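Below is one structure, written out as structure tokens; comments come after it.
Here is how names work: the chains are called A, B, and so on, in the same order as the sequence lines, proteins then strands, and each is numbered from 1. Please read these numbers as outputs of a predicted model, since none were measured by experiment.
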Amino acid sequence: MNIPVDARSIGKIENADGLLARNSRLMPGDPIRVRVQRYDAGETGARYFEDFVVPYDTAMRVLDALNYIAENFATDLAYRWLCGTKMCGTCAVRMNGREVLACWEAVEPDMTIEPLRNLPVVRDLVVDRRPYEERVVSFEPWLERPSAYPGFPEPLSHRDIKDASKALDCISCMSCFSACPVIGLGNLTDFAGPAPLVQLAQTALDPRNNPAKVARALEHAGIFNCLSCYKCEEVCPAKIPIVTRVIEPLKAKTAELVPHAARHSLAFRAIVAARGRIDPSELVLRVQGPKVLLQVRRALRLLLRGKINPIRTIFRKRTAAAKAAARLLEKMRPAS
Amino acid sequence: MKFAYYPGCSAKSTCKELNIAMRKVAVALNLELTELESASCTGAREIRAIDPVGFLALNVRILALAERDDLPLMTVCNTCTLNLIDAQATFAEDPCLARQVNARLAEEGLEYKGTTRVTHFLWVLFEDIGAERLRDLVVNPLTGMSVAAFYGCHITRPPARYGFIDSRNNRSLEQLSELLGCKPVDYTGRTECCGFHTAAHDERIAIKLTGQHIESAKTNGADAMVTPCPLCHTVLDSFQKEIETSVGKRLDMPVLHLPQLVGLALGMSHEELNLDKHIVSTEAIRSHETH
């Protein structure tokens, strides 16, 4: 009899990818090698790493290791923390290339600790949060009723407020902002990044808010430059499903209030409703318009390899898939 | 073993070679695939975001088609897989919405009960065929071929679906590569994003990100890359010329669809597997073809 295999989790055991496994790799007194990135923006000199050896103690967290280093070896080590209990969101760092809250993450036998990415470093592990704060302020992140207060209790259902309330779990630790690959490319696009968008969602997804103000914010959020890679969700210590409960509802809101910013998604939907499947050539033509001429060389390469088919793009077939998609997408519009 | 087969839009258009290779490899692996001919797109990331109810309806219909035939549903695309898994979960969690969708499906005589098992070809290899049997089926071990696995996002994240604290800990593609005789390459791009989902309106993100991944694979000695997702393949292969312009050097990195790598180890030729239909030449790995 074969033991059932769960192919989705291959690697979990050998890489100790589980809470119990992660916490049972060390015994009290075991040495932990810690490499900490050092840097001071106020002085000349490049970033460098300093190595420390810290003795493991039961249930030791990254923050305990940093405290030990600051008390015993490097009294000038700069790092932020306040509550120590996963509430204040100030202690996020990168441990072995992954964003973690220092106050909540178990130490690893061999750790490289770096400051968060995508924000300027002030000193050592302390980053400057101003780029994030400025972006959030630009969204006018408050509730502004377009009509008079109807009195208590407000006529709001759980369903009406479920996404906005999920976003309120955010502790603004910036882990997602550091993990985001689009933000990692600098100012290539106008994408606001996950952390500012979670802040925006707290009020933009609240049905009591003024749609004109929400539209102003969404127009400049660059939200359709989110890749849906889920790297933000993976590192969120508050376990907010950022892609499905923040970004996607904000995309839907954008399609409703600022349709020109959602041109690509609306075209995609229209193509699937007409063809049942997506035709990549039609999508690119509809989204890019005349700019598509810049891609003639790629189009020729794809054509030569049979990867695109202009005849099929021009002459749509009314397939069974097309009929079903048309019916389902036409009649099942979101209740907004 | 019988499966309802859902190739998705990409394997029927820009990555036809994936569909062709998958069908040939399925025969060799004794997988009987029944394609769901009338299935539509799952809605990718676009319909999913702007029309969540329409998205659910499209996916539940696909799940219902497989359920009607009493077959597990096999995909070859990461994004389709996650969409179907997510729709399956919403269907179970929101009975009110589930009833609404079923009322629509009833118009064509369909009803979904919620029983379809959704799986991806990568998982079928381990769960249904099994590592031992697969090893026995390998007639052309790809010894000496260094392969960089490119997972793509939607087969290893979000954590709520796949359970990894750190998605970099996924080793399924490396384990598979080893079974086929290859040497897996460790590099920074393994579980990173290819940028496909913004490429139709702005391909700069895809080009910049994937440039980093291919360069990293090359620096770490990869002869080829392999991916279980046709969307990742599109960026890795079809955009590679633009990526080369962006990074300012030749990369010449062959990129294989997962069934193509398996097919080579099962003794199939480049032509049978449509390896000559890629944008980047795969001639550099022809020495690993069976003789």
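Taking 4.0 Å as the cut-off between side-chain N and carboxylate O, B:Glu108 and A:Arg327 count as a salt-bridged pair. Taking the charged nitrogens against the carboxylate oxygens, B:Arg157 and A:Glu233 have no contact shorter than 4.0 Å, which rules out a salt bridge. Salt bridge present: B:Asp94 and A:Arg159 bring a charged side-chain N and a carboxylate O closer than 4.0 Å. For the pair B:Glu17 and A:Lys307, the salt-bridge criterion is met [side-chain N within less than 4.0 Å of a carboxylate O]. Using a 4.0 Å cut-off between a side-chain N of Lys or Arg and a carboxylate O of Asp or Glu, A:Arg298 and B:Glu242 qualify as a salt bridge.
By the neighbour-count criterion of 12 heavy atoms within 6.0 Å, atom NE2 of A:His158 is sparsely surrounded, having that number or fewer from other residues, nucleotides or ligands. Within a 6.0 Å radius of NZ in B:Lys277, other residues, nucleotides and ligands contribute 12 heavy atoms or fewer. The neighbour count for B:Glu37 CD, taken as heavy atoms of other residues, nucleotides or ligands under 6.0 Å away, is above 12. When the shell of 6.0 Å around NZ of B:Lys208 is examined, it contains 12 or fewer heavy atoms from other residues, nucleotides or ligands. Within a 6.0 Å sphere centred on CG of A:Leu20, heavy atoms belonging to other residues, nucleotides or ligands number 12 at most. At most 12 heavy atoms of other shown residues, nucleotides or ligands fall within 6.0 angstrom of atom CD1 in A:Ile13.
At a 4.5 Å heavy-atom cutoff, the contact between A:Pro181 and chain B is made by backbone and side-chain atoms alike. Using a 4.5 Å cut-off between heavy atoms, B:Asp276 touches chain A through its backbone atoms (N, CA, C, O) alone. When heavy atoms are compared at a cutoff of 4.5 Å, A:Arg286 does not approach chain B at all. Looking at A:Arg275, neither its backbone nor its side chain comes within 4.5 Å of chain B, counting heavy atoms on both sides. In this structure, chain B has heavy atoms under 4.5 Å from both the backbone and the side chain of A:Leu266. Residue B:Asp237 touches chain A through its side chain alone, counting heavy-atom pairs closer than 4.5 Å. Contacts between B:Ala206 and chain A at a heavy-atom distance below 4.5 Å are absent for every atom of the residue. Using a 4.5 Å cut-off between heavy atoms, A:Leu188 contacts chain B through both its backbone and its side chain. Looking at B:Leu176, there are no atoms closer than 4.5 Å to chain A (heavy atoms on both sides), in backbone or side chain. Neither the backbone nor the side chain of B:Cys194 has a heavy atom closer than 4.5 Å to any heavy atom of chain A. Using a 4.5 Å cut-off between heavy atoms, A:Asp279 does not touch chain B at all. For chain B, no part of A:Val235 is nearby; none of its heavy atoms comes within less than 4.5 Å. Using a 4.5 Å cut-off between heavy atoms, A:Ala262 does not touch chain B at all.
Interatomic distance, B:Ile205 CD1 to A:Asn225 CG, rounded to the nearest 0.5 Å: 4.5 Å. From A:Leu185, atom CG reaches atom CG of B:Leu209 across 4.5 Å, with rounding to the nearest 0.5 Å. The CZ atom of A:Arg98 sits 8.0 Å away from the CG atom of B:Asn169 when rounded to the nearest 0.5 Å. Atom-to-atom distance recorded for B:Trp123:CH2 and A:Arg8:CZ is 4.0 Å, nearest 0.5 angstrom. Once rounded to the nearest 0.5 Å, the distance linking SG of B:Cys193 with OH of A:Tyr230 reads 11.5 Å. The line from CZ of B:Arg48 to NZ of A:Lys251 is 9.5 Å long, rounded to the nearest 0.5 Å.
Heavy atoms only, all atoms of each residue included: B:Thr198 and A:Cys226 are closest at CG2-O, 3.5 Å. Nearest heavy atoms, A:Val243 versus B:Arg45: CG1-NH2, 3.4 Å. The two residues A:Ile278 and B:Cys41 have their closest heavy-atom pair at N-CB, 4.4 Å. Residues B:Phe164 and A:Gly11 come closest through the heavy atom pair CE2-C, 4.4 Å. When all heavy atoms of B:Ser40 and A:Ala325 are compared, the closest pair comes out as CB-CB, 4.2 Å. The heavy-atom pair separating B:Ala200 from A:Leu283 by the smallest distance is CB-CD2, 3.8 Å.
Side-chain atoms of B:His154 come within 3.5 Å of backbone N or O of A:Ser228 as a donor-acceptor pair. One N or O on the side chain of A:Arg305 and one on the backbone of B:His278 form a donor-acceptor pair closer than 3.5 Å. Side chain of A:Asp17 to main chain of B:Asp166: a donor-acceptor pair is present (N/O by atom type, distance under 3.5 Å, no hydrogens or angles). A donor-acceptor pair is defined here as one N or O able to donate and one able to accept, closer than 3.5 Å; no such pair exists between the side chain of A:Arg269 and the backbone of B:Ile50.
If you check the side chains of B:Glu203 and A:Gln288, you find no donor sitting under 3.5 Å from an acceptor. B:Glu46 and A:His264 are linked by a side-chain donor-acceptor pair at a separation below 3.5 angstrom, with hydrogens and angles left out of the test.
Chosen from A:Asn309, A:Leu302, A:Thr319, the residue pairing most often with chain B at heavy-atom distances under 4.5 Å is A:Leu302.
For residues 191-201 of chain B, the pairs satisfying salt bridge (charged side-chain N to carboxylate O under 4.0 Å, His left out) are A:Lys231-B:Glu192, with sequence neighbours left out.
Side-chain contact between A:Arg263 and B:His201 is absent, with no heavy-atom pair separated by less than 4.5 Å. Residues A:Glu234 and B:Arg168 have side chains not in contact (no heavy-atom distance under 4.5 Å, counting atoms from C-beta outward).
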